[in-house]
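All of these numbers come straight from a predicted model, not from anything done at the bench. Protein chains get the first letters and strands the later ones, always in sequence-line order, with residue 1 at the start of each.
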There are 2 protein chains.
Amino acid sequence: MQTVDKAMKLLNQFSRHKPEIGLSELARMTGFDKAATRRFLVALQNHQFIEQNPDTKAYRLGLGFIHLAKVRESTFPLESILHAALDRLSVATAETAHASLLINDKLSTIGVSFPDRGNRAHLDVGEQLPFHATASGCAFLAFSSAERQASFLTDVMDSHTPNTPTRADDLDNFIEEARHNGYARAHGSYCTEVTGTAVPLFGADSQPIGSLAIAAPSSRLTDALKQQIVEQLWAESTQVTRAIGGQIPESYQTFTNQLRGIAA
Amino acid sequence: MQTVDKAMKLLNQFSRHKPEIGLSELARMTGFDKAATRRFLVALQNHQFIEQNPDTKAYRLGLGFIHLAKVRESTFPLESILHAALDRLSVATAETAHASLLINDKLSTIGVSFPDRGNRAHLDVGEQLPFHATASGCAFLAFSSAERQASFLTDVMDSHTPNTPTRADDLDNFIEEARHNGYARAHGSYCTEVTGTAVPLFGADSQPIGSLAIAAPSSRLTDALKQQIVEQLWAESTQVTRAIGGQIPESYQTFTNQLRGIAA
DNA sequence: ACCATCGGTGATAATAATGAACCGATAGAT
DNA sequence: ATCTATCGGTTCATTATTATCACCGATGGT
């Protein structure tokens, strides 16, 4: 069904940072012929997956997704579970909590919960997080099989800050560390002065499906806060994974067990 | 692009009331060959638009929509605007407020806001409202062009309650009344003992794109409350339509002007 | 032991998608 | 004022894709 794949490729050109795209540019981006691109756009428009800006003639994502997303959510809730967990996390840690899911081989930010204070890390819903530069990405990779790891690391390792690991072995160290600790921590590798701490979420097949993370101004991270964040993340990750019918792999259970020890 | 249309037809088989469907049944529902159905499902699965229940082998909607819905929402907000309006409505009227959008030629419930009281009308997000049996549907049709009206009334007019209008001329009267009043009111035609009151929302082309409604236990509807509901709905409909870049048609402006007269 | 149905597959026939050339319109450069 | 390049959009012969049917093993009720 290559036609379906092409339609999806088209849809995936749109992002937070490029919400409206003209016909010719879209054809260039996808590598499709202009005529073919147009045919896809018209077909998708008929189902409201694409809209056209009447003024600029540029295309953008439509409303069609909303209904399907609502049907999915009302029968197999995920966002509501994540949001509840994020709210608990942002209250408990007084820092920004966010959740991402692996969609289309990218870690897409699905929810954010901000603490009730002035100075806090910021992050947008819809943003796609680079694997190599974020704690969320490393936590995800650390508990993925080697093959899956390799398949996600095809993008070039862009440097977002001076602290972004751009060499493959630097990243490997990060991942190894995360696998060892049961969480990933990234100091200003995505945003300067912001430290991310993240844990994976698992699906029914014990493979990571996303991650749960806390982003905090680096200056505020005392040892006590660090430990609290990790414990809260472990607790919520366990709860969310269970609530969505996921299966925690053995390689990760040692950490959640460790948590039970602390609680006792 | 008939292949795209077929893929969409497949996706649209899933609903709140039928969230998981097996291969053979899906083939029967769509009229596609089983082999073709499977190919579509696999293609859609590769993009996470479809998931398979590992136990039952049945298929369900996937996570793929979430990312695209978030990108759309974060660049062209609609749900957040609707939810704000719904919350104001449910507080002001102390009744259940809900919003629907026309997606895939059906009125799909996108948001609901309940008042803080025990006895209230209920409604689920993701539910598709029948045009003929709901105030939302009639308000929508009343301000649609005759051609569009006809295109939406292709379904059989199911009887949901003893009060559901099932004859075409009964429905025409309802619609005519709504066009005259500037709002639609349905007494127990969808749920017994529940009265719905609805107004249309307009898009950039002055065509209805959805509706805003209040559902209340019929017994509570005093004349004073009725009037308050209509005024609140007009006010919010105007505000929402403007906020989303919509254009109120002349045929409807008389009502919102009337409102301004009341406010003064 | 039987029949019906399930999910799933593979080879050929029928159909649908492709893409180069072309249109009129618009905008910046000469 | 003219030339050139790009835009969004369309056409139709060519080509690649998708549809269909028969079939598989497995499951479950009779």
Side-chain angles (χ1 to χ4, degrees), chain A residues 1-15 17-64 72 75-76 203-205 245, chain B residues 1-15 17-64 72 75-76 203-205 245:
Chain A
M1 245 46 187
Q2 326 184 27
T3 309
V4 173
D5 295 312
K6 288 179 187 171
M8 299 307 163
K9 185 169 178 183
L10 242 175
L11 291 176
N12 284 317
Q13 303 307 311
F14 298 90
S15 70
H17 303 294
K18 211 167 179 46
E20 286 199 338
I21 312 178
L23 174 61
S24 295
E25 187 174 5
L26 212 34
R28 248 180 277 117
M29 291 167 79
T30 52
F32 304 159
D33 186 88
K34 213 169 44 162
T37 307
R38 177 114 222 289
R39 279 193 302 268
F40 277 110
L41 286 168
V42 170
L44 291 166
Q45 200 171 17
N46 288 336
H47 297 275
Q48 286 174 282
F49 281 66
I50 286 284
E51 282 176 4
Q52 191 171 22
N53 183 323
D55 302 325
T56 64
K57 302 272 182 187
Y59 297 88
R60 60 169 177 237
L61 295 177
L63 299 175
R72 154 84 201 197
T75 49
F76 305 97
D205 55 355
Chain B
M1 245 47 186
Q2 323 185 24
T3 307
V4 173
D5 296 311
K6 288 179 186 170
M8 299 306 164
K9 185 170 178 183
L10 243 175
L11 292 176
N12 284 318
Q13 303 306 311
F14 298 90
S15 70
H17 303 292
K18 211 167 178 47
E20 285 200 336
I21 312 179
L23 174 60
S24 296
E25 187 174 5
L26 212 33
R28 247 179 279 120
M29 292 167 78
T30 52
F32 304 159
D33 187 89
K34 214 168 45 162
T37 307
R38 177 114 221 289
R39 277 196 305 272
F40 277 109
L41 287 168
V42 171
L44 291 167
Q45 200 171 18
N46 288 336
H47 297 276
Q48 285 174 281
F49 280 67
I50 286 286
E51 281 176 5
Q52 191 172 22
N53 184 322
D55 302 326
T56 65
K57 301 274 180 188
Y59 297 89
R60 59 165 109 110
L61 294 178
L63 299 174
R72 153 83 201 197
T75 48
F76 305 96
D205 54 357

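Scanning for side chain to side chain donor-acceptor pair (under 3.5 Å) contacts around B:Asp5 gives A:His47, with sequence neighbours left out.
When atom types are taken as modelled, the side chain of B:Gln45 and the backbone of B:Glu51 share no donor-acceptor pair closer than 3.5 angstrom.
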Polar pairs (N or O, both sides) under 3.5 Å between protein and nucleotides 27-30 of chain D?
none

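Pairing each heavy atom of B:Arg72 with each of A:Leu61, the nearest pair is NH1-O, 3.0 Å. Across all their heavy atoms, B:Gln52 and B:Lys57 have their closest contact at NE2-O, 3.0 Å.
An end-to-end axis angle of 30° holds for the helix from C:dA1-D:dT30 to C:dT30-D:dA1, taken from five base pairs per end and rounded to 10°.
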In a table with atom names and distances, give each donor-acceptor pair under 3.5 Å that connects a side chain of residues 17-26 of chain A to protein atoms at least two apart or in another chain.
residue, atom, partner, partner atom, Å
A:Lys18, NZ, A:Glu25, OE2, 3.0
A:Glu20, OE1, A:Asn53, ND2, 3.3
A:Glu20, OE2, A:Asn53, ND2, 3.1
A:Glu20, OE2, A:Arg60, NH1, 2.9

Could you list the donor-acceptor pairs under 3.5 angstrom formed by side chains in residues 32-42 of chain A, with sequence neighbours left out?
residue, atom, partner, partner atom, Å
A:Asp33, OD2, A:Ala35, N, 2.8
A:Thr37, OG1, A:Asp33, O, 2.7
A:Arg38, NE, A:Tyr59, OH, 3.4

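Looking at B:Met8 and A:Leu44, their side chains come closer than 4.5 Å, going by heavy atoms from C-beta outward. By the 4.5 Å heavy-atom criterion applied to side chains, B:Leu11 and B:Ile50 are counted as neighbours.
Note: B:Met29 CE to B:Leu10 CG = 9.5 Å, rounded to the nearest 0.5 Å.
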Letter by letter from the 5' end, nucleotides 6-20 of chain D scores (B base, S sugar-phosphate only, - none; protein heavy atoms under 4.0 Å) -SBBBB-----SSBB
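Distance, B:Leu41 CG to C:dG8 P: 9 Å, rounded to whole Å.
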